[in-house]
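Along the sequence shown, residues carry numbers from 1. Predicted, not measured: the structure shown is a model, and the values here were computed from it. When a ligand or atom number is given, it counts from 1 through the structure's own listing order.
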Amino acid sequence: MAECSACGRPRETVWRYCPWCGTAQRVKLVDFFRPHPLLESDRAKALRVSRYFGDAEDERQVRLSIWHELEGDRAQADAAISLDVGEAARLAGFLANGGDTAAERPPPAGLGSSAAG
Ligand SMILES: [Zn+2]
């Protein structure tokens, strides 16, 4: 149970709006990123990045998901992962700095050999 950021009344953390005053509790920004244009295997895919803002630590996250197009103007997620704010900032630095931060932290256990490639 959390408190509404506007009126202070209790609310469930999964609710997007306060049931008492109607204030939005969970703000989300979404953007899509196209695949490399020369890689045929990724042609019908997209990376969706959803950034969640909120008062509680578990509400603030960045969710990355890979989607592929289906017939009929539909899409389906193939995989998804949520990063906390610190890991999302580290990812942003990795992309912005050409990978200079890659050696700052070892890969998660079991992913060392695949992450190195
Ligand atoms: Zn409220």
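The backbone N or O of Glu87 sits less than 3.5 Å from a side-chain atom of Asp84, completing a donor-acceptor pair.
By the salt bridge (charged side-chain N to carboxylate O under 4.0 Å, His left out) test, Glu40 pairs with Arg43, sequence neighbours left out.
Rounding to the nearest 0.5 angstrom, the gap separating the OH atom in Tyr52 from the CZ atom in Arg63 is 7.0 Å. The CD atom of Glu69 lies 11.0 Å from the CD atom of Glu71; values are rounded to the nearest 0.5 Å.
Other residues, nucleotides and ligands place no more than 12 heavy atoms under 6.0 Å from the CD atom of Glu57.
For the Zn ion (ligand 1), the tally of protein N/O/S atoms lying closer than 2.8 Å stands at 4.
Side-chain contact between Arg9 and Glu3 is absent, with no heavy atoms from C-beta onward closer than 4.5 Å.
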